[in-house]
Amino acid sequence: MTPGRAAASGGAVGAASAVGFSVDARWERGAGWSGPTALLATARGVRPATGADPAPGRHLPGTVLPGLTDAHVHLALVDPAALRRGGLAAVDDLGGNPSVLAELARTPGLPAVRYAGAFLTAPGGYPSDRSWAPPGAVEEVAGAERAVDAVDRQVAAGASFLKVVLHPGAGPVLDDATLVAIVARAHTRGRPVVAHVEGAGQARRAYEARVDRLAHVPFSERLPDDLVGAMARTQQWISTLDIHGWESPTREQDVAIDNLSRFAAAGGTVVYGTDQGNGPLPAGIDPRELRALGAAGLAADGLLRALTSTPTQAAFTFLPGPRPDPDAPPETVAAWLARAVVLTTPDLVGSPLPPPEPLGKAHP
């Protein structure tokens, strides 16, 4: 198994229901860091070992984290298996054919898949005219009276959340009444709503309609401080910073980083996502995305919270080798996180993991 790649599961070890092991360090949401730790891995996840548990059968020289999630992918446009090999335990698909996505969610060997189902857009709206949008990936909602049926179809197809499109520069846009009706119905069905917002005023429209999460950090305009503060109290923002130039400087990325830095400073929830399928992005963890998040002010713990937005059960993350110093620069932390390996209980029985390449100054 190569560092930064997922381990292969299966074989005789698949019968293992619980495996004890130890690591050099562990990070948990809400609990932070712990040092050398004995753990037990089961189908329900990883937890600290107790005296009643099996003794650790092996030591993994490195750090264990919860499973890492990319909260903005399009599985029809990428190789889903490559995302898992690249360190992702879970993904959120934000627009595709729901029947195809339901099948992928049942397919072994892939990241855990949640999905929005079809893009909900105005008749003729983005991305209904895009060649990359596969059949069944877009539903055009012609007025507020059609909102209930449109939402219910996605929920019936297994959608964990809904996706609406507010992009006036690319075609007609959902009117306020239709947008509010979609959000209201989704909330009635217990589903949050994610919005693609692009163009002046669209982020405010999403906020006023009670949209729960933005698919992209707003990049069309610098939002006023009072709006950013209000959004930080009610919304989550998915980052997708690297799509603006793929590490080449762009105005859109500068605007997004400025908006995100103020959103994070105001206490807003930042979620890691890359828009996989949109241009030349690394398959799996994207160190350029992490560096851009660092430029927006997220330190190591903030990056980890952004990367672990979705609880994962069977799969968890292993990072081989020593972790960086707490004061390490963002590029060092990003390079370390890009080594993520997805593990499950069966992967803990077998040959040792290979040693990682030197990462620079680190502590034991």
To the nearest 0.5 Å, what is the distance between OG1 (T107) and CG (L75)? 10.0 Å
Sequence neighbours left out, cut at 3.5 Å: what donor-acceptor pairs do the side chains of residues 296-313 make with other protein atoms?
unit_1	atom_1	unit_2	atom_2	d
D301	OD1	W33	NE1	3.1
T308	OG1	R29	NH1	3.0
T308	OG1	L304	O	2.7
T312	OG1	G67	N	3.3
T312	OG1	A315	O	3.0

Roughly how far, to the nearest 0.5 Å, is CG of L101 from CG of D93? 4.5 Å
Out of curiosity, I182 CD1 to Q154 CD, how far, rounded to the nearest 0.5 Å? 10.0 Å
Considering only Ile, Leu, Val, Met, Phe, Trp and Tyr, and joining two whenever side-chain heavy atoms are under 4.5 Å apart, list the other residues clustered with I243. W246, L281
Check the hydrophobic clustering (I, L, V, M, F, W, Y; side-chain heavy atoms under 4.5 Å; chains of links allowed) and say if V73 and L110 are grouped together. yes
Partner residues of Y115 under the ring pair (Phe, Tyr, Trp, His ring centres under 6.0 Å) criterion, sequence neighbours left out: none
Using 30° and 60° as the class boundaries, would you call the ring planes of F119 and H74 parallel, tilted or perpendicular? parallel
Quick one: closest heavy-atom pair of P322 and W336, and the distance? O-NE1, 3.7 Å
Quick one: does any side-chain atom of Q235 pair with a main-chain N or O of V211 as donor and acceptor, under 3.5 Å? yes
Under 4.5 Å between any side-chain heavy atoms of L290 and I285, yes or no? yes
Does a side-chain heavy-atom distance below 4.5 Å link L241 with L260? yes
Surrounding CZ of R153 (heavy atoms of other residues, nucleotides or ligands, distance under 6.0 Å), is the total greater than 12? yes
Taking a hydrophobic cluster as the set of Ile, Leu, Val, Met, Phe, Trp and Tyr residues connected by side-chain heavy atoms closer than 4.5 Å, whether directly or through intermediates, do L214 and V217 fall within one such cluster? yes
I want to check something: taking the side chain as every heavy atom from C-beta on, are H167 and S220 in contact at a cut-off of under 4.5 Å? no
Taking side chain to side chain contact (heavy atoms under 4.5 Å, CB included) as the definition, give me every residue that meets it alongside Q202, ordered by chain and number, with sequence neighbours left out. L166, P168, V173, V197, R205
List, one per line, each side-chain donor-acceptor pair under 3.5 Å for residues 186-194, sequence neighbours excluded.
unit_1	atom_1	unit_2	atom_2	d
H187	NE2	D212	OD1	3.4
H187	NE2	D212	OD2	2.7
T188	OG1	A184	O	2.9
R189	NH1	D152	OD1	2.9
R191	NE	A159	O	2.7
R191	NH1	R189	O	2.8

By side chain to side chain contact (heavy atoms under 4.5 Å, CB included), which residues pair with R130, not counting sequence neighbours? Y126, P127, W132, A170
Measuring only between side-chain heavy atoms, which start at C-beta, is E247 closer than 4.5 Å to R291? yes
Among V255, L227, N259, find the residue that satisfies the side chain to side chain contact (heavy atoms under 4.5 Å, CB included) test when tested with P218. N259
Side chains of D275 and T240, donor plus acceptor under 3.5 Å: no
Hydrophobic clusters here meaning ILVMFWY residues chained together by side-chain heavy-atom distances under 4.5 Å, can you tell me if F263 and V271 are in one? no
Non-neighbouring partners of D53 that pass salt bridge (Lys or Arg N to Asp or Glu O under 4.0 Å), sequence neighbours left out: R47
Find out if a path of hydrophobic residues (ILVMFWY) with successive side-chain heavy-atom gaps under 4.5 Å connects Y272 to L94. no
Considering only Ile, Leu, Val, Met, Phe, Trp and Tyr, and joining two whenever side-chain heavy atoms are under 4.5 Å apart, list the other residues clustered with L40. none
When every non-hydrogen atom of A118 is compared with those of G136, the smallest separation belongs to CB-O, 3.8 Å
Which atom pair, heavy atoms only, marks the closest approach of T345 to A43? OG1-N, 4.2 Å
Taking ILVMFWY side chains as joined if any heavy atoms are under 4.5 angstrom apart, and letting links pass through other members, which residues group with V180? none
May I have all residue pairs that pass salt bridge (Lys or Arg N to Asp or Glu O under 4.0 Å) and include part of residues 224-233, sequence neighbours excluded? D225-R262
Spacing of F316 atom CZ and D347 atom CG [to the nearest 0.5 Å]: 7.5 Å
When clusters are formed by joining ILVMFWY residues with side-chain heavy atoms under 4.5 Å apart, either directly or through shared neighbours, do V141 and V164 land in the same one? yes
Applying salt bridge (Lys or Arg N to Asp or Glu O under 4.0 Å), name anything that partners R222, two or more places apart in sequence or on another chain. D258
In terms of heavy-atom contacts, K163 and A215 come closest through CE-CB, 4.1 Å
Taking all non-hydrogen atoms of both residues, which atom of D24 and which atom of H59 are closest, and how far apart? OD1-NE2, 2.9 Å
Interatomic spacing from CG in L65 to CZ in R323 - rounded to 0.5 Å: 10.0 Å
If you look at every heavy atom in P320 and V341, which pair is closest and at what distance? CD-CG2, 4.5 Å
List in chain and number order the residues that pass side chain to side chain contact (heavy atoms under 4.5 Å, CB included) with A137, two or more places apart in sequence or in another chain; answer none if no residue qualifies. P134
Supply the atom-to-atom distance D242 CG to T274 OG1, rounded to the nearest 0.5 angstrom. 8.0 Å
